[in-house]
Amino acid sequence: LGGSGNRGYLSCFIPPPECPVFEPSWEEFADPFGFINKIRPIAENTGICKIRPPPGWQPPFACDVDRLHFTPRIQRLNELEAQTRVKLNFLDQIAKFWELQGCTLKIPHVERKTLDLYVLYKLVKEEGGFDGVCKERRWTQIALKMGFAPGKAVGSHLRAHYERILYPYYLFQAGANLMVRSLKHFYNFPFPLFSLITFNKEYKPHDLPQRQSVQPAETCSIALPLWQCFCFFFPPQVEQYICLVCGGGDDEDRLLLCDGCDDSYHTFCLIPPLHDVPKGDWRCPKCLAQECGKPPVAFGFEQASRDYTLRTFGDMADSFKSDYFNMPVHMVPTELVEKEFWRLVSTIEEDVTVEYGADIASKDFGSGFPVKNGTFKVSPVEEDYLSNGWNLNNMPVLDASVLTHVTADICGMKLPWLYVGMCFSSFCWHIEDHWSYSINYLHWGEPKTWYGAPGYAAEQLENVMKSLAPELFESQPDLLHQLVTIMNPNVLMEHGVPIYRTNQCAGEFVITFPRAYHSGFNQGFNFAEAVNFCTADWMPLGRQCIQHYRSLNRYCVFSHDEMTCNIASKADSLELELASTVQKDMCAMILEEKMLREKVYKLGVWHSQQVDYDLLPDEERQCAKCRTTCYLSAITCPCIPDQLVCLYHIEDLCSCPARSYTLNYKYTLAELKPLFQALTARAESYEDWASKVNKILKADQDNKSDLEELHSLVVEAEKKSYPETDLLSHLRQVIQNADRCTSMAQQLLNGKRQTRYRSGGGKSQNQLTVEELMSFVNQLYDLPCTIRQAPFLKALLNRVEQFQQQSSDLLAEDMPGSSALQSLLDEGAGLDVELPQLVVLRQRLEQARWVEAVKEASDQPADLSLDCMRRLIDQGVGLTPHACVERTMARLQELLTVCEHWEEKAHNMLTARPCHSIETLEAAIQEVDSIPAYLPSCLQLKDCVNGAREWIMEADALQAGGRIPGLAALSELVSRARSIPVMLEPLSRLESLISEVQAWKESAAKTFLLRNSSHSLLEVLCPRCETGPQKSKSKKAKDVSVPCKKVEVKLDSLFDVEKALSTSKDTVSAMATLSEVHQKELESLSMLRTSNESKFQSSPSCLAPTVCLCHTVPAGPMLQCELCRDAYHSGCVPGFKDIQTGLPWLCPLCKRSEKPPLDKVLPLLASLQRIRVRLPEGDALRYVIERTVRWQHKVQLVSPTQHPNGKVSLICLNIVKLGTELEELLVEGLLMQVTLPELQQLYSSLLNRFSPSQHSLQSSVHDHQYHIAQDRSPPHRSPPHSKGQVGEYPQLDGIPETKKEPERLEKNSKRRLEKENMEGQHRDKIKKPKKKKPKLSKERRREEKRTTSPSNSLSDLSIIEMLEVLFSNLLHRSCLYNWVIVCLFALSAEQAENEDYICVSCAKNDLTK
């Protein structure tokens, strides 16, 4: 607190908690004392409270500003605080001590801080004194206690300062005889004392800035230790001017004359000796002891020398605040002002002085509130403020205020006082006179900060202040009644005193309650008004206050007994509450007076006289001892007629015997009795009623009344107009509580309260807890009346307790069933009570349902997926922890971990590259089968293994027994194998086989396909399906298929043919399909040729035919296709110049392939035979070779001859007889996709019979019409047949032999015959539906029958077997030998000569021979 060690504490002021603030309604505000009585139970616990009037309550300011003038009090802030004032008093004593010796006090600085001499003096004294501290070397500990940092040798400095400044004063205060000791100490002093003395320095008390103006120097310290001179032995005076030490009168120029007693001393005889004569006043040691021993003067505020008006004071106040804070006054925060105020009052280093216009009598200058008959004229709107109860001029004299019965106009209590404040001006800790209420209203200006302590803590606050500043209370026991001492609220709070604060703003009231200490300060310039009032509840405290004042010898403002008697004299007009209160107070007064008079009588006072103390002023009837104002009685003595004492202090009046005293009395005890009886009569009816109410309210459980009787008492009180006492208010409160309890109990019993749990799981806000229900039931039974619903609620409470017991038993199980939990929950929900067990039961129900869900899922492993387990785990994570849940969760998590592991492992196995073997996967599946869960990847792995096994079985079955698989089945099998993530051993072999097939197809495509051809290999090798018009063909097909029950396979497109070949079971069916397609090809081509040839025949129409690719009329050189017989412009045909003469020319539409020679085709078939895979292209190629061999056979049957070069040639054709056969033979040869020399020879022989000009078409130049001469025919057309012409042509050799071929075939080996029989049976099974065919001659039909029969037998044979069968149908001629060897076997002529090749017929003939 102040000084060097506590500045940090002072800067951290912590505001106390806020006091209650009330905002009454207009109805409540209409009755001031009623509202104050209403808030009293709350507000008296904090000592002070603030009231904000309703909005709109703004009384006019009625004070005469121009006439108001006052002289304020001067307040030095650091003198206000108790502990700071103690320090200042101590410094004043030290300064005076040294000043009287001609020295000036200089406060030293230690570590750049002003040394707190008071704290140093106290600490050294507490530690055992200077000698004890030096002996125990405790200066360092003292330095630490004073707040100095350790390790800087501050202790030695403190010792030096104490020894020079404080130790002489300590010895002086001790009064010890230090004559010898002081001399010894002086000669051992470690520094020159005389150099520490400064003379001629005028002492100014409390001038702190002047004392701190000069910084301390090493040679300029304070205080000369004059303790050597205090208690000298003074010899008797002989001469007028002789030294009282040495007794000599010489050296007069060195004699010092005391300015106090005129005693003289040599300067060199003084200890310490003085080198020079002091220039100022000097006191000898005897006078010094007298001056310093004078008692201190009581502390009080000084009056300012200047008189202020309200305006001039405001200018001064605003200027001070703005200059101090260096900002406009309205911008300074209240928190900053508060902290700065408590810092200033607690420091001795800053001396801030303010002025406060306090206790200005309102009767001199007018109140701030308007009053009746006052100088301030109010408007009609403001007239209500004249009589308003909150007008501080009216409040003390209201009927409910007992101060109305005090006859004197007491300023400050019955008449308001005015207060004009400025920043930091303060009012110190105090309580109101007679412990009365006070009310303060701030009319305008800046806020006023208040601090208050409740009345029950008054003695605690007094004791704390006395313990912290005992020096002040030793000289002034009633210091707190002087309103001159303040103490930091934080200090009081640290010692357990409850303190509250508030900021009172303009237009707000602050009320202090009886014996509530309060203090505060002003934030700035403001104007406030205050007054006291006392209500009936104050009466007992008022009498107790008189006893307290008597103990402090403090005067009273008015006589409490006189006020009581005045009230009793008006008993008939008193309110019942006041009459009852005063009756009790008067009873106590009469008993006390009777006891005191009996005591006086016993002491021997027999003289008495009646005195009318009402006529005497208060100062003439005060007790000479305790200063109490006497009224009922007093004691006087003739020896001192002007003095009197109260009956308590009869022994302190004088030394005369008691029998000489006189008892002066106002009333005899008999005269007091009628007054008391009048009060009793007035309060009797109320007392009876109150007694009855108290009896009912305090009745025991068995004697309670019902609620209706309590209602009747309230009706009686209202009927008899009893006052609104606390008892009546309490009765009404009890009835109100009972009615509320009754209503609530009935609602609980009826179930009308919304206490059911909603769908969201929440509870109603009005639902009672078990404790509340129990408390409610207890409350029902604790009511001072009986409630009929109480037994029923007691039964409900029993049900609740039974439910709690059942819940406890069920929850004690490890995991009860969900059905039992749900049943108990339903029961608990119907109790209309908030049961904490319901939350636990719901949690346990969720846990039980979860555990059951896990168990149910575990019982059905097929449905227990990973997502299901994760979902269950997620649901379990949100559950309240439980042992069973944790065990189930652990098992479920373990199962999930295992499942996830195997799922990942199965997934990795499925996606592994290279794939795992089937054995590895089966081993994994065996482990997975033991896991009770649904694992998709593991099931997929199992399906893959099953699929792999099925695939292996299919692959084995596909090639079992030497079967040749088809390409489609093989490709489908490989495609399936690629989708199975299992290592399949046959797959690589099958893929290799398919690769060989693809390579074969590429080789065949290179052999047959033209460059940049749009046709596929199958399209080239198969007979054409879209050659002729499809309309008639479709119609025929429809007509043919009608009578047939069996669905016919359509072969109208290449897709149909490819599908039929792919689905064919063997080569025989494939050959049959291709034969059918070939037959359709011939039919379509025949119709196309007929259609194209008809273009050039003369017709009655004049339209020219359209030909060629450009679909225009013939013009210029034309070419005619030997196959389709359509004509083409030479310019429209690509490669026209490269056409070779003597060869059949085919149009671009008919020439579909390269037509490789047979020796390039046969190796393809042989390589396909080695691959052992059936594919549509292979069947088509096989059919091409069969057609080729069959066609060659037909050509040989027509006319085989041997040229000189060994080649086969056709000559001497009988055109007339063989015209149709040759044409068909030529067309069939042109359709074949193989180049054969027989075709060229056949074409050449036919071409030689006609003119070359007949092979081209000419167009007319004149009319641009295209025509063909009537006498010309295309080279392939036969002339008209005649019977005579048939014989002109020689018959070809070998025809009779051809007719005998079937007979020779039947004589072949047994194996071949059996095979042919099987094929014949097979042909019967796949008999085709009948179709209309073009009319053929009998010879052609017979020839087809002969030629097609052996071809069908070649379908399922190997290349060697096929050739054997083939050449068994041919004539054995040596000219054909080389052709067979070279063309069919792809052998050179040299190889044929070197090896012995023989045909089948020769071999048969040889065997026959």
Side-chain angles (χ1 to χ4, degrees), residues 21-39 49-70 309-311 313-314 357 360-401 403-405 409-421 437-448 504-511 525-535 573 575 721 724:
V21 179
F22 300 97
E23 297 180 356
S25 63
W26 281 107
E27 182 180 358
E28 295 172 326
F29 197 69
D31 183 9
F33 290 136
F35 179 73
I36 293 173
N37 186 56
K38 180 179 180 180
I39 66 174
C49 71
K50 183 166 65 174
I51 297 178
R52 291 195 183 106
W57 194 85
Q58 296 178 352
F61 185 65
C63 184
D64 191 351
V65 177
D66 296 331
R67 194 167 61 92
L68 175 64
H69 62 90
F70 58 93
T309 63
L310 198 60
R311 183 174 290 104
F313 187 85
I360 303 173
S362 60
K363 67 178 181 179
D364 297 335
F365 306 103
S367 169
F369 290 95
V371 295
K372 296 179 180 180
N373 302 323
T375 57
F376 181 82
K377 302 300 181 182
V378 297
S379 63
V381 180
E382 298 171 340
E383 286 183 355
D384 292 339
Y385 293 105
L386 295 174
S387 57
N388 191 281
W390 293 93
N391 186 326
L392 300 192
N393 297 280
N394 302 329
M395 181 171 284
V397 294
L398 293 176
D399 293 338
S401 175
L403 293 182
T404 307
H405 305 280
D409 291 336
I410 308 171
C411 288
M413 289 201 72
K414 292 185 64 175
L415 298 178
W417 265 345
L418 308 179
Y419 298 88
V420 182
Y437 288 86
S438 75
I439 183 169
N440 185 291
Y441 180 76
L442 187 61
H443 286 277
W444 48 259
E446 297 190 57
K448 187 188 294 286
Q504 179 190 14
C505 299
E508 295 178 343
F509 290 97
V510 170
I511 295 179
F525 179 49
N526 56 25
F527 188 96
E529 187 170 355
V531 76
N532 295 105
F533 64 92
C534 298
T535 56
S573 61
E575 293 184 356
S721 301
E724 293 293 330

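Keep in mind it's a predicted model, so treat the numbers as computed, not measured. By convention here, the first residue in the shown sequence is residue 1.
Side-chain contact check for Leu68 versus Phe527: some heavy-atom pair is nearer than 4.5 Å. Put simply, the side chain of Asp66 reaches to within 4.5 Å of the side chain of Arg311, judged on heavy atoms. Within the 4.5 Å cutoff, no side-chain heavy atoms of Trp390 are placed close to those of Pro53. Using a 4.5 Å heavy-atom cutoff, the side chains of Pro32 and Met395 are in contact. Cys49 is listed as a side-chain neighbour of Ile39, based on a closest heavy-atom distance under 4.5 Å.
In this structure, the separation between CZ on Phe376 and CD on Glu382 is 6.0 Å, given to the nearest 0.5 Å. Here the CZ-CG distance, from Phe533 to Leu398, works out to 10.0 Å after rounding to the nearest 0.5 Å. Note that CG of Asn532 is 10.5 Å distant from CG of Asn440, once rounded to the nearest 0.5 Å. Going from atom SG of Cys505 over to atom CD of Glu446 covers 10.5 Å, rounded to the nearest 0.5 Å. Between atom CG of residue Asp64 and atom CG of residue Leu310 there is a gap of 10.5 Å, rounded to the nearest 0.5 Å. Between atom OG1 of residue Thr309 and atom NE2 of residue His69 there is a gap of 9.5 Å, rounded to the nearest 0.5 Å.
Across every non-hydrogen atom of Pro447 and Asn526, the tightest pair is O-ND2, 3.6 Å. Nearest heavy-atom pair, Trp26 versus Pro55, reported as atom, atom and distance to 0.1 Å: CZ2-O, 3.2 Å. Nearest heavy atoms, Arg52 versus Lys50: NH2-NZ, 3.9 Å. The nearest pair of heavy atoms linking Lys448 to Ala528 is CE-CB, 3.9 Å. A pairwise comparison of heavy atoms in Phe29 and Pro24 identifies CD1-CG, 3.6 Å as the closest pair. A pairwise comparison of heavy atoms in Gly366 and Leu418 identifies O-CD1, 3.5 Å as the closest pair.
By the 30° and 60° cut-offs, the orientation of the rings of Phe525 relative to Trp444 is perpendicular. Using cut-offs of 30° and 60° on the angle between ring planes, the pair Tyr441 and Phe369 is tilted. Between Tyr385 and Trp57, the ring-plane angle classifies as perpendicular under the 30° and 60° cut-offs.
For the side chain to side chain contact (heavy atoms under 4.5 Å, CB included) test with Glu529, the passing option among Asn393, Ile360, Ile439, Leu442 is Asn393; the others fail.
A donor-acceptor distance shorter than 3.5 angstrom exists from the side chain of Ser401 to the backbone of Pro396, with no hydrogens or angles considered. Looking at Asn394, its side chain never comes within 3.5 Å of a backbone N or O of Gly389 through a donor-acceptor pair.
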- Task: Run the numbers on Leu392 and Phe509 for side-chain contact (heavy atoms from CB on, under 4.5 Å), then give the verdict.
- Result: CA-CA 10 Å; Leu392 300 192; Phe509 290 97; 4.2 Å; yes
- CA sep, side-chain torsions, deciding dist, call: Ile511, Ile36, side-chain contact (heavy atoms from CB on, under 4.5 Å): CA-CA 9 Å; Ile511 295 179; Ile36 293 173; 3.7 Å; yes
